[in-house]
Amino acid sequence: MAEASGKIRLDKWLWYARFFKTRGLSAKQVSAGHVRVNSEKVAKPSHGVGPGDVLTFAQARQVRVVRIVDLGERRGPAPEAQALYEDLSPPPEPKNSVAPAPRYEGKGRPTKRDRRKLDLNRPDTLD
């Protein structure tokens, strides 16, 4: 019946495409109004979607934007699920773009060699 009209339930498609672990979780996201189809908020998990529709939703601290390419017939393995959509989201920023360790900038705890140099230059005030 769904294949005849070229549409499938939104919660079912999100589950097929492996964006959510269970169909119940995908239905909750849609019911809460956190999913947009072609830039319009959708509140019903039974909303029909088809190829060419653009979905926008939050997933794990990032906003996903995907275009539906195929409807799918089952919740298959990951490579099969990835063939159902085209990802339009901007790539995430690399996490390893952190400044170098402080001791390379002359900050932080001195090494043993540096400590010896400091001790040699310190005036003797204990005598």
Side-chain angles (χ1 to χ4, degrees):
M1 181 169 75
E3 285 73 35
S5 65
K7 297 267 185 184
I8 190 172
R9 287 176 58 108
L10 177 58
D11 64 335
K12 202 173 196 180
W13 188 87
L14 288 169
W15 179 61
Y16 280 177
R18 293 183 165 265
F19 287 112
F20 297 100
K21 194 171 186 175
T22 65
R23 187 168 164 196
L25 285 175
S26 64
K28 277 184 184 178
Q29 282 290 93
V30 176
S31 296
H34 300 304
V35 180
R36 292 177 179 258
V37 178
N38 297 327
S39 71
E40 294 180 14
K41 279 190 178 182
V42 177
K44 293 188 176 184
S46 62
H47 184 83
V49 293
D53 288 339
V54 177
L55 305 179
T56 307
F57 56 94
Q59 182 188 30
R61 297 186 179 191
Q62 71 177 21
V63 176
R64 300 291 302 260
V65 180
V66 296
R67 178 178 292 124
I68 297 176
V69 175
D70 194 14
L71 297 179
E73 297 177 9
R74 66 185 184 116
R75 186 174 200 256
E80 186 177 315
Q82 290 170 351
L84 298 179
Y85 63 91
E86 176 187 350
D87 197 359
L88 304 175
S89 306
E93 295 181 16
K95 292 181 180 179
N96 294 336
S97 62
V98 181
R103 83 173 174 171
Y104 296 118
E105 296 176 358
K107 300 177 186 172
R109 187 173 178 155
T111 62
K112 189 172 185 178
R113 183 177 178 195
D114 293 337
R115 289 285 308 253
R116 287 182 181 150
K117 286 181 184 177
L118 290 171
D119 288 342
L120 288 175
N121 294 336
R122 187 178 317 168
D124 233 0
T125 57
L126 295 177
D127 290 338

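FYI, the numbering just counts along the sequence from 1.
Nearest heavy atoms, Asp11 versus Pro45: OD1-O, 3.1 Å. Residue Pro110 comes nearest to Arg115 through the heavy atom pair CG-CD, 3.6 Å, listed as atom of the first residue, atom of the second, then distance. The two residues Arg64 and Asp87 come nearest to each other via the heavy atoms NH2-OD2, 3.3 Å. Here the closest heavy-atom approach between residue Ala58 and residue Phe20 is recorded as O-CZ, 4.4 Å.
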Verdict with reasoning, His47 to Glu40, per side-chain contact (heavy atoms from CB on, under 4.5 Å): CA-CA 12 Å; His47 184 83; Glu40 294 180 14; over 6 Å; no

Working for side-chain contact (heavy atoms from CB on, under 4.5 Å), residues Phe57 and Val66: CA-CA 9 Å; Phe57 56 94; Val66 296; 4.1 Å; yes

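Arg18 places a side-chain N or O within 3.5 Å of a backbone atom of Gly76 that can act as its donor or acceptor partner. Not a single donor-acceptor pair under 3.5 Å links the side chain of Trp13 to the backbone N or O of Gly48. Between the Gln59 side chain and the Phe19 main chain, a donor and an acceptor come within less than 3.5 Å of each other. Asn38 places a side-chain N or O within donor-acceptor distance of the main-chain N or O of Val54, the cut-off being under 3.5 Å. Using a distance-only test at 3.5 Å, with no hydrogens or angles considered, a donor-acceptor pair links the side chain of Ser89 to the main chain of Val65.
Dense packing is recorded around CZ of Arg75, with more than 12 heavy atoms of other residues, nucleotides or ligands lying under 6.0 Å away.
Distance check, rounded to the nearest 0.5 Å: NZ of Lys28 to OG1 of Thr22 gives 7.5 Å. Going from atom CD1 of Ile68 over to atom CD of Glu86 covers 12.0 Å, rounded to the nearest 0.5 Å. With rounding to the nearest 0.5 Å, the separation of CG in Asp70 from CD in Glu80 is 9.5 Å. Annotation: the span from Asp53 atom CG to Arg67 atom CZ amounts to 10.0 Å, rounded to 0.5 Å.
Linking ILVMFWY side-chain heavy atoms closer than 4.5 Å, directly or via other members, places Leu25 and Val42 in a single hydrophobic cluster. A single hydrophobic cluster is not seen to contain both Val69 and Val35; linkage of ILVMFWY side chains at heavy-atom distances under 4.5 Å, directly or through other members, places them apart. In this structure, Tyr16 is a member of the same hydrophobic cluster as Leu71, with clusters built from ILVMFWY side-chain heavy atoms closer than 4.5 Å.
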